[in-house]
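Report on the structure given below.
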2 protein chains.
Amino acid sequence: MNNLITYFNKYNTLSEEANKAISEICKPVIIKKNQDLQSIGHTCRTIYFIKKGVARIYYYKDEIEITECFAFENAIIARVESLFTGKPSRKAIQMIEDSELIGINSPKLFELYDKFPEIERLFRKIFEAAYVDTVNRVESIQFHSAEERYNALLKESPNVLQRVPLKYIASYLGITQVSLSRIRGIR
Amino acid sequence: MNNLITYFNKYNTLSEEANKAISEICKPVIIKKNQDLQSIGHTCRTIYFIKKGVARIYYYKDEIEITECFAFENAIIARVESLFTGKPSRKAIQMIEDSELIGINSPKLFELYDKFPEIERLFRKIFEAAYVDTVNRVESIQFHSAEERYNALLKESPNVLQRVPLKYIASYLGITQVSLSRIRGIR
DNA sequence: AGCAAAATTTATCATAAGATAAATAATCAG
DNA sequence: CTGATTATTTATCTTATGATAAATTTTGCT
């Protein structure tokens, strides 16, 4: 739990009782490489904190698998379009390496919001920051070339190449594997 | 204020006192067509509710003006990447028609969060919904053709063509004016 | 109304990325 | 370790969109 509390402190430091209340709705998850942590068609009821490993959210468009995002250690991952709407998700979360996570039960978390406004505030801030990242991602996809996006990704996550297969990176960048290979080949 | 309270009720119904507290930090804004409501370089300190008119957020990339989004009546608009980070915004908000808005002072709003958890919850839910929209927009930009995006926009906002110049729509769709004209010409 | 400015369309040519196929390299299971 | 599978690269050809320029239409001003 320590890593998670450190992560929380970046957004909103919680009281003892609030930390304890959250710890009671958390459970550890160990999962093997390439396994789905959450599968397509199910409604999101768990927010995950990554202690170890790499995650990606993916979905299918016209039979083709698309990677929506990656998440590394000490980050949170959830399919927000399901978490916030209560609708089943068309997306899945897969762990790219053998991983250790902490799962936070989201219906129970939302109940805690009533008793602990500080917890509601914490998650408000966490998701506000994620929202800002997504707004920036729209800009990046819309007005940078594939090559610019590739270079920006490397700068932001220098170890992504070591940990994530190129085929996943390609669809994340919005291009085909073949185009990514071409871009990489230039240098 | 009535429209605004109706809008709030879709997310979280507030007590009398909470509504009153919000009304005290609101002020009406009347603004002419093509005027900037908020300008580039300033930090966002107001969240706007549109009573009448159409707004867009825009910014510059390489001297070229880009429209990030549109907002119509009975919606909220803010440059969230500044609102949530406190940093100056590279973006501006412009009203495309003669408009009437309600401006909500955001620093004062955030103070109200301490006294009224219900207000914090209201805005949490408003921005969660906006976040989900943005996640969906990433998908739309990344994996639909320009023509598909154009048709999707028309379906979503059928009156956008009547109210918004095509040059703004083009950059919103991530294409040039000329390409948009070509797409429209096909039918 | 009538002119000027701005918006939109049309045309032409250039280019980045897609589709497909095939070759090579890396990884994994037994 | 080795063969089989999967991932990546390379090659060729096609296509959607960009860049630029010019023509046309619409809008706004006085």
Side-chain angles (χ1 to χ4, degrees), chain A residues 32-36 53-54 56 58 60-67 70 94-98 138-154 159-187, chain B residues 31-36 53-54 56 58 60-67 70 94-99 138-154 159-187:
Chain A
K32 284 273 173 209
K33 178 172 177 166
N34 293 333
Q35 296 285 313
D36 275 358
V54 187
R56 69 181 185 114
Y58 71 93
Y60 289 90
K61 141 112 184 162
D62 304 339
E63 329 273 290
I64 305 281
E65 196 193 279
I66 306 292
T67 294
F70 301 110
Q94 182 195 41
M95 301 312 301
I96 296 174
E97 301 174 350
D98 291 350
V138 169
E139 191 176 329
S140 148
I141 299 172
Q142 196 158 15
F143 294 103
H144 295 262
S145 68
E147 189 171 352
E148 285 172 316
R149 278 176 270 148
Y150 175 70
N151 291 327
L153 175 65
L154 291 197
N159 53 352
V160 72
L161 285 185
Q162 279 73 57
R163 302 181 73 181
V164 177
L166 290 172
K167 61 176 174 171
Y168 298 154
I169 293 176
S171 69
Y172 172 78
L173 295 175
I175 56 178
T176 60
Q177 272 183 70
V178 173
S179 290
L180 177 56
S181 193
R182 184 156 37 192
I183 286 167
R184 285 161 49 78
I186 290 163
R187 285 164 310 144
Chain B
I31 184 167
K32 285 275 174 208
K33 177 171 178 167
N34 293 333
Q35 296 286 314
D36 275 358
V54 187
R56 70 180 184 113
Y58 70 92
Y60 289 90
K61 141 113 185 159
D62 303 339
E63 328 273 290
I64 305 283
E65 195 192 278
I66 306 292
T67 295
F70 301 110
Q94 182 195 41
M95 300 313 301
I96 296 175
E97 302 174 349
D98 290 350
S99 302
V138 170
E139 191 177 330
S140 148
I141 300 171
Q142 194 158 17
F143 295 103
H144 295 263
S145 68
E147 190 172 353
E148 286 172 314
R149 278 176 271 149
Y150 175 70
N151 290 327
L153 175 66
L154 291 197
N159 53 353
V160 73
L161 285 184
Q162 280 72 56
R163 303 182 72 182
V164 177
L166 289 171
K167 61 176 174 170
Y168 298 155
I169 294 175
S171 68
Y172 172 78
L173 294 174
I175 56 178
T176 59
Q177 271 184 72
V178 174
S179 290
L180 177 57
S181 193
R182 182 155 40 192
I183 287 167
R184 285 160 50 79
I186 289 163
R187 286 164 311 147

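Quantities reported herein were computed from a predicted structural model and do not represent experimental measurements.
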Could you check how far [atom1] of [X] sits from [atom2] of [N], rounded to whole Å?
{"X": "B:I141", "N": "D:dT17", "atom1": "CD1", "atom2": "P", "answer": "14 Å"}
{"X": "B:R184", "N": "D:dT17", "atom1": "CZ", "atom2": "C1'", "answer": "17 Å"}
{"X": "B:I183", "N": "D:dA16", "atom1": "CD1", "atom2": "P", "answer": "10 Å"}
{"X": "A:R182", "N": "D:dT14", "atom1": "CZ", "atom2": "P", "answer": "15 Å"}
{"X": "A:L180", "N": "D:dA7", "atom1": "CG", "atom2": "P", "answer": "14 Å"}

Mind checking what makes side chain to side chain contact (heavy atoms under 4.5 Å, CB included) contact with A:F70, not counting sequence neighbours?
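Expected list: A:R56, A:T67, A:F72, A:I96, A:V164, A:Y168, A:I169, A:Y172.
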With B:K33 via side chain to side chain contact (heavy atoms under 4.5 Å, CB included) - residues at least two apart
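B:K33 satisfies side chain to side chain contact (heavy atoms under 4.5 Å, CB included) with B:D98 once adjacent residues are dropped.
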[X] and [Y]: which non-hydrogen atoms are nearest, and at how many Å?
{"X": "B:G174", "Y": "A:Q142", "result": "N-NE2, 3.1 Å"}
{"X": "A:H144", "Y": "A:R149", "result": "O-NE, 3.1 Å"}
{"X": "B:I175", "Y": "B:A146", "result": "CG2-CB, 3.6 Å"}
{"X": "B:S99", "Y": "B:G53", "result": "OG-CA, 3.4 Å"}

Check step by step if side chain to side chain contact (heavy atoms under 4.5 Å, CB included) holds for B:I31 and B:D36.
CA-CA 8 Å; B:I31 184 167; B:D36 275 358; over 6 Å; no
Net bend of the helix from C:dA1-D:dT30 to C:dG30-D:dC1, end axes of five pairs each, nearest 10 degrees:
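Helix axis angle between the two ends: 60°.
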Using a 4.5 Å cut-off on heavy atoms from C-beta on, say whether the side chain of B:I141 contacts that of A:F143.
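They are not in side-chain contact.
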For the [atom1] atom of [X] and the [atom2] atom of [Y], what is their distance to the nearest 0.5 Å?
{"X": "A:L161", "Y": "A:L153", "atom1": "CG", "atom2": "CG", "value": "7.5 Å"}
{"X": "A:I66", "Y": "A:Y60", "atom1": "CD1", "atom2": "OH", "value": "10.5 Å"}
{"X": "B:S140", "Y": "B:E148", "atom1": "OG", "atom2": "CD", "value": "9.0 Å"}

Earliest and latest nucleotide of DNA chain C, 5' to 3', sitting under 4.0 Å from a non-hydrogen atom of chain B?
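Contact span on the strand: C:dA7 to C:dT12.
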Does a side-chain N or O of B:S179 approach OP1 or OP2 of D:dT17 to a distance below 4.0 Å, or not?
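Negative; the distance criterion is not met.
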Take A:K167 and A:Q177 through the side chain to side chain contact (heavy atoms under 4.5 Å, CB included) test and state the conclusion after the steps.
CA-CA 5 Å; A:K167 61 176 174 171; A:Q177 272 183 70; 3.5 Å; yes
Protein-nucleotides 23-27 of chain D N/O pairs closer than 3.5 Å?
none

Pull out every residue in residues 159-178 of chain B that has a heavy atom closer than 4.0 Å to any atom of DNA chain C, ordered by number, or say none.
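Residues of residues 159-178 of chain B that come under 4.0 Å of DNA chain C are, in numerical order, B:P165, B:L166, B:K167, B:Q177, B:V178.
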Step by step, would you call B:R184 with B:S181 a side chain to side chain contact (heavy atoms under 4.5 Å, CB included)?
CA-CA 5 Å; B:R184 285 160 50 79; B:S181 193; 5.7 Å; no
